[in-house]
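Mind having a look at this structure? Questions to follow.
When a ligand or atom number is given, it counts from 1 through the structure's own listing order.
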Amino acid sequence: MTHAPFIAVEGPIGAGKTTLATMLAHAMQLPVIKEIVDENPFLDKFYQNMDDWSFQLEMFFLCNRFKQLEDTTTQYIDQGKPVISDYHIYKNLIFGERTLKGSKRDKYREIYHILTDDFPKPNIILYIRADLDTLLARIAKRARTFEEIIAPAYLQQLIEDYDEAMASLARREPSTVIITIDGNQVDFVENPEDFAAIAEQVKELMK
Ligand SMILES: Nc1ncnc2c1ncn2[C@@H]1O[C@H](COP(=O)(O)OP(=O)(O)OP(=O)(O)O)[C@@H](O)[C@H]1O
Ligand SMILES: Nc1nc(=O)c2ncn([C@H]3C[C@H](O)[C@@H](CO)O3)c2[nH]1
């Protein structure tokens with residue numbers, strides 16, 4: 001690997017991104033960048049009325065992640081230091097393309113590219129795939145009140161959007177290593193061997 005590893009954990013809502021990113025960072029003694037969720041003023045409103053709130057929400061996520069990515073670049077990437085993030089900035093486009101419509105979607109897409117195109121992107125992606133039942137169970141287990149009304153159809157759509165997005169990313173950026181984890185079968189929380197196998201794969205890539 002020529003550049004310092006910039007590792008992103010990705011997958012649809014509740015797949016286990018934060019959990020895996022935190023476990024890996026701990027095991028490998030690496031810094032971890034986590035999404036800010038609790039201070040988000042629009043998520044609650046968005047889940048109650050997506051059409052009314054999607055633009056505000058997507059812009060909020062984009063601006064927050066822009067700032068985090070800016071800091072990550074100066075603090076780690078530019079200094080050749082490895083870092084793990086519990087998201088890839090590309091998820092803004094995955095969600096935005098799904099939740100926005102018409103001219104707002106076009107404007108958002110343009111702003112996304114203006115803000116992010118010149119930033120370094122992760123060179124290793126751990127993509128956790130999981131089916132609808134698994135995601136619903138994990139979301140219920142986490143028990144965030146505002147997520148209780150997430151429609152299964154929205155979640156199912158995101159599962160498919162993620163599959164398409166990862167395939168498209170693999171085509172456009174063949175040098176990015178994408179490790180796909182079957183989140184229905186592989187249980188890195190309950191089975192230490194499952195976690196060790198993932199950590200081993202990442203360590204190999206970092207040599
Ligand atoms: N492999 C697993 N087995 C069992 N429970 C898991 C597993 N991975 C995550 N969980 C649990 O599922 C819930 C969701 O996990 P987590 O918050 O890491 O998901 P996430 O992908 O970061 O979610 P979000 O998309 O909302 O950011 C948590 O309660 C976590 O403890
Ligand atoms: N619409 C939308 N756009 C995003 O970029 C985005 N990123 C995360 N989320 C939702 C999923 C979890 O409920 C919660 C925590 O991840 O926030 C998003 N929702």
Is the shortest distance from a Lys or Arg side-chain nitrogen in K91 or E35 to a carboxylate oxygen in the other one below 4.0 Å?
yes
Does any part of the side chain of N191, heavy atoms only, come nearer than 4.5 Å to the side chain of V186, both counted from C-beta?
no
If you measure every N/O of A15 against every N/O of ligand 1, is any gap under 3.5 Å?
yes
Do the charged groups of R129 and D163 touch, with an N to O distance under 4.0 Å?
yes
So, is K91 polar-close to ligand 1, with some N/O to N/O distance under 3.5 Å?
no
To check your reading of the model: name the closest protein heavy atom to atom 5 (N) of ligand 1, its residue, and the distance in Å.
K141 NZ, 2.9 Å
Those atoms of ligand 1 less than 4.0 Å from some heavy atom in R144:
26 (O)
What's the shortest distance from atom 8 (N) of ligand 1 to any protein heavy atom, and which residue and atom give it?
V189 CG2, 3.7 Å
Which protein non-hydrogen atom lies closest to atom 1 (N) of ligand 1, naming both residue and atom, and how far is it?
D187 OD1, 3.1 Å
Can you list every protein residue that has a heavy atom under 4.0 Å from any atom of ligand 2, sorted by chain and residue number?
I13, E35, V37, L43, F46, Y47, L57, E58, F61, R65, K91, F95, R144, E147, Y154
Please could you name the atoms of ligand 1 that R142 approaches to less than 4.0 Å, counting only its heavy atoms?
14 (C), 16 (P), 17 (O), 19 (O), 20 (P), 23 (O), 24 (P), 26 (O), 29 (O)
Hey, does G14 sit under 4.0 Å from ligand 1 if you only count heavy atoms?
yes
Atoms of ligand 1 less than 4.0 Å from T19 heavy atoms?
9 (C), 15 (O), 16 (P), 18 (O), 30 (C)
Is D86 reaching over with its side chain to a backbone N or O of K17, donor-acceptor style, under 3.5 angstrom?
no
Side chains of I94 and E10 in contact at under 4.5 Å (non-hydrogen atoms):
no
With the side chain counted from C-beta on, respond yes when N123 and V177 share a heavy-atom pair under 4.5 Å apart, and no when they do not.
no
Do E97 and R109 sit within salt-bridge range, that is, some charged N less than 4.0 Å from a carboxylate O?
yes
Using heavy-atom distances only, which candidate in E190, K34, R138 approaches atom 2 (C) of ligand 1 most closely?
R138
Face-on cation placement of R65 at Y87 ring, 6.0 Å and 45° thresholds
yes
Take atom CD of E193 as the centre, draw a 6.0 Å sphere, and report whether it contains more than 12 heavy atoms from other residues, nucleotides or ligands.
yes
Are any non-hydrogen side-chain atoms of V83 and I7 less than 4.5 angstrom apart?
no
Any salt bridge linking K104 with E58? Criterion: basic side-chain nitrogen under 4.0 Å from a carboxylate oxygen.
no
Just say parallel, tilted or perpendicular for the rings of Y47 and F146, cut-offs at 30° and 60°.
parallel
Need the ligand 1 atom indices (1-based, order shown) with element for anything under 4.0 Å from a heavy-atom of G16.
8 (N), 9 (C), 15 (O), 16 (P), 18 (O), 19 (O), 20 (P), 21 (O)
Heteroatom proximity flag, K17 to ligand 1, N/O under 3.5 Å
yes
Ligand 1 contacted by D86 (non-hydrogen, < 4.0 Å)
no
Below the 3.5 angstrom mark, is there an N/O of E35, backbone or side chain, next to an N/O of ligand 1?
no
Can you confirm whether H26 is buried at NE2, in the sense that more than 12 heavy atoms of other residues, nucleotides or ligands lie under 6.0 Å from that atom?
no
